[in-house]
Amino acid sequence: MIGVLNGLSQDWSADPTAMPDSRKFLIFGVMAFGQFMALFDIQIVSASLSEVQAGLAAGPDEVSWVQTAYLMAELVMIPLSAYLALAMSTRWLFVLSAGLFTLSSLFCGLSWNIESMIAFRALQGFTGGAMVPLVFAVGFTIFSGKQRAMIPAILGTVGVLAPTLGPTAGGLITSAFDWRWLFFINIVPGVIVTVLAALVIRVDRATPSMFARIDWSHFAAMAIFLGGLEYVLEEGPRNDWFGDHGIAIAAWASLVAFLLFLERAFFSFNPIVRLTPFRKPLFAFACLFSIVIGFGMYASIYLIPVYLARVRGFDSLQIGTTVFVVGVAQLFSTMLAASLSQRIDMRWMITAGLLLFSWSLWLTSHMTSQWGFWELAFPQAVRGLALMLCIVPSVNMALSGFAPAELRYASGLFNLMRNLGGAIGIAVVNTLLQDHGRIAALRLGESMARDRATAETLVQGVARRMSEITPDPERALLMAQGLFARVVEREALVLAFDDVFRLMAWMFLAALVMVPFCRPAANAAPPPPDAAH
């Protein structure tokens, strides 16, 4: 037992690649599970917001902040994590993040009103956000060769499975226990991750003097810029975008803060976020791919459950079973993507991924109001395979060839781009869905007006069937007209879904234009582990 403890306490910060493989996999497993918890909790409340709203006596506008507060806070922490990791070491930042994430989960479950819930969810998102980029940076620091090739595949699978499983698991937990258990369920695994992280993670050393040199104006500018942007993207589709004064003010504040953020990033002696990774063209293109992939990944994860709930009337278990096909396909393709990344040019791999992703979206754009599990199974399986062929090469393009200190900044910026792509994607598809739904409903109305006799015959036929339920002929006619209107509304919504998926398919085809410019640098080999010391 003493030997095991001595092995855990050994410091490998001078050369983390020299540690035994068993220690590497233990560190990576602990951190990957922490990442899973942070991403899982983004969506875990989405299927149970009505229960949270009732339990806290909140209004519908207030309860939406349970999601928005988490996302805003997480977005701020992701790029900040690189600076904090240098100042306090990866070990203690991860321990503090996991510990506070667990504590804030407990407080979320104990919330007494909507204001306390929003505050604790913001703390949960802020602390959980640090765990996401840290695991990417550590994976690329401690592993090499074939082992490193598995990192993007594993973390890519975690990154898609966690938000996909969140709504389904949340619905099941709420049905079986109570909505407060959506947060209490984090406590035991959170404590385990915190303790193990404190015991095993020793991959770098702290530089406490960095705390005394923090550029607070840069931090404030980043927080206002990212938080305001996330607020605009979350609330815009629901509140007429810039027609709402609150959204317009947030947009202006975010723009001004963005300009100050850039000024501080270029001219501050000690910036919170360093933009130096963008000097590498390959990293810049990888970030653009990350935005596109985040857009498609999060938008498709969002759209399919909305279609199944609003058009087919599926419950959370049926929705979870249907969308889980993406995760299963990913698990099968993880090893394939990792193997291919060692054998072929990344450009060929991401080309195949973008083409397959576009094809899957094009297949989905032929949905009807009768599509269910079996009709969606093949397009989703193709999308699961395509995701790994997109994620693995984009991560390798982004994070290969950086010294450990700069790798943290690159990881934070790259993960930020994915989350921004997801936020933009959900906001855009929500707006498109509303606009195209109205357009489709108008077109269907025009078609029925041109053939009014046929439409009236159909309504009269339905009214005759309704007369078997009610003896009042006027009531039967009203019921028939209402049913007919709901059918028209449903079909218009399905046409809108098809239009949105078709537009997304074209977006992925357009992203192929960037592939020829992603030529890897001649000196892309990673530097020695001690290059930053």
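Only a predicted model underlies this, so the values are computations on that prediction, with no experimental measurement involved.
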Side chain to side chain donor-acceptor pair (under 3.5 Å) assessment of Gln380 paired with Ser360: CA-CA 7 Å; Gln380 289 197 112; Ser360 75; over 6 Å; no

Please evaluate residues Ile350 and Ser394 with respect to the criterion side chain to side chain contact (heavy atoms under 4.5 Å, CB included), reporting the C-alpha separation (whole Å), side-chain torsions for both, the decisive distance (0.1 Å), and the verdict. CA-CA 7 Å; Ile350 201 166; Ser394 65; 4.3 Å; yes

When rounded to the nearest 0.5 angstrom, what is the spacing between CG in Leu389 and CD in Gln330? 10.5 Å

Let's go through Phe501 and Trp359 carefully: what are the C-alpha distance in whole Å and the side-chain angles of both, what is the deciding distance for ring pair (Phe, Tyr, Trp, His ring centres under 6.0 Å) to 0.1 Å, and is it a yes or a no? CA-CA 10 Å; Phe501 277 110; Trp359 184 41; over 10 Å; no

Just so I know, are the side chains of Leu340 and Ile344 near enough to count as touching, which here means a heavy-atom distance under 4.5 Å? yes

Of all heavy-atom pairs linking Ala511 and Val292, the shortest is CB-CG1, 4.1 Å

CZ of Arg213 to OG1 of Thr207: how many Å apart, nearest 0.5 Å? 8.0 Å

Does the His218 side chain pair with the main chain of Arg264, one donor and one acceptor, at a distance under 3.5 Å? no

To the nearest 0.5 angstrom, please state how far the NZ atom of Lys280 sits from the CZ atom of Phe285. 15.0 Å

Is any side-chain heavy atom of Ile27 closer than 4.5 Å to a side-chain heavy atom of Phe94? no

Could you report the tightest heavy-atom contact between Met397 and Met346, atom names first, then the distance? CE-CB, 3.8 Å

Keeping Ser290 on the side-chain end and Arg418 on the backbone end, is there a donor-acceptor pair under 3.5 Å? yes

Would you say the side-chain atoms of Ser105 pair up with the backbone N or O of Phe101, donor to acceptor, closer than 3.5 Å? yes

Within the structure provided, determine whether Leu80 and Phe126 are in side-chain contact (heavy-atom separation under 4.5 Å). yes

Looking at Ala496 and Gly437, what are the two nearest heavy atoms and their distance? CB-N, 3.4 Å

Please check if the number of heavy atoms outside Arg347 that lie under 6.0 Å from its CZ is greater than 12. yes

What verdict does the side chain to side chain donor-acceptor pair (under 3.5 Å) test give for Asp215 and Ser268, after you've listed the backbone C-alpha separation in whole Å, the side-chain angles of each residue and the deciding distance to 0.1 Å? CA-CA 7 Å; Asp215 187 336; Ser268 173; 2.6 Å; yes

Is there side-chain contact between Glu230 and Leu420, with at least one heavy-atom pair below 4.5 Å? no

Parallel, tilted or perpendicular, as decided by the 30° and 60° cut-offs, for the rings of Phe497 and Tyr307: perpendicular

Interatomic distance, CZ@Phe261 vs CD1@Ile224, rounded to 0.5 Å, equals 12.5 Å

Minimum side-chain heavy-atom gap Phe140-Pro152 below 4.5 Å: yes

For the residue pair Trp216 and Phe219, does the interplanar ring angle fall in the parallel (under 30°), tilted (30 to 60°) or perpendicular (over 60°) class? perpendicular

Distance-minimising heavy-atom pair for Asp244 and Ile247: OD1-N, 3.0 Å

Heavy-atom closest pair, residues Met388 and Ser333: CG-OG, 3.0 Å

Heavy-atom side-chain contact between Thr368 and Glu375 under 4.5 Å: no

Do other residues, nucleotides or ligands put more than 12 heavy atoms under 6.0 Å from Phe278 CZ? yes

Walk me through whether Thr364 and Leu303 qualify under side chain to side chain contact (heavy atoms under 4.5 Å, CB included). CA-CA 11 Å; Thr364 314; Leu303 284 172; over 6 Å; no

Backbone N or O of Leu123 within a donor-acceptor pair of the Thr127 side chain at under 3.5 Å? yes

Any side-chain heavy atom of Leu354 within less than 4.5 Å of one from Leu509? no

Are more than 12 heavy atoms, taken from residues, nucleotides or ligands other than Phe25, located less than 6.0 Å from that residue's CZ atom? yes

Can you tell me how far the CZ atom of Phe28 sits from the CD1 atom of Ile201, to the nearest 0.5 Å? 12.0 Å

Could you give the distance from CG (Leu182) to CG (Asn186), rounded to the nearest 0.5 Å? 9.0 Å

Can Phe283 and Leu413 be said to form a side chain to side chain contact (heavy atoms under 4.5 Å, CB included), step by step? CA-CA 10 Å; Phe283 176 80; Leu413 290 169; 3.9 Å; yes

Steps toward side chain to side chain contact (heavy atoms under 4.5 Å, CB included) verdict (Ile424, Val428): CA-CA 6 Å; Ile424 293 168; Val428 168; 4.0 Å; yes

Nearest heavy atoms of Gly129 and Glu74, plus distance in Å: CA-CG, 3.7 Å

Establish, yes or no, whether a centroid distance under 6.0 Å links the rings of Trp252 and Phe225. no

Can you label the angle between the His366 ring and the Trp362 ring as parallel, tilted or perpendicular, going by 30° and 60°? perpendicular

For Ser254 and Gly228, indicate whether the former's side chain and the latter's backbone hold a donor-acceptor pair under 3.5 Å. no

4.5 Å side-chain heavy-atom contact, Tyr83 and Val273: no

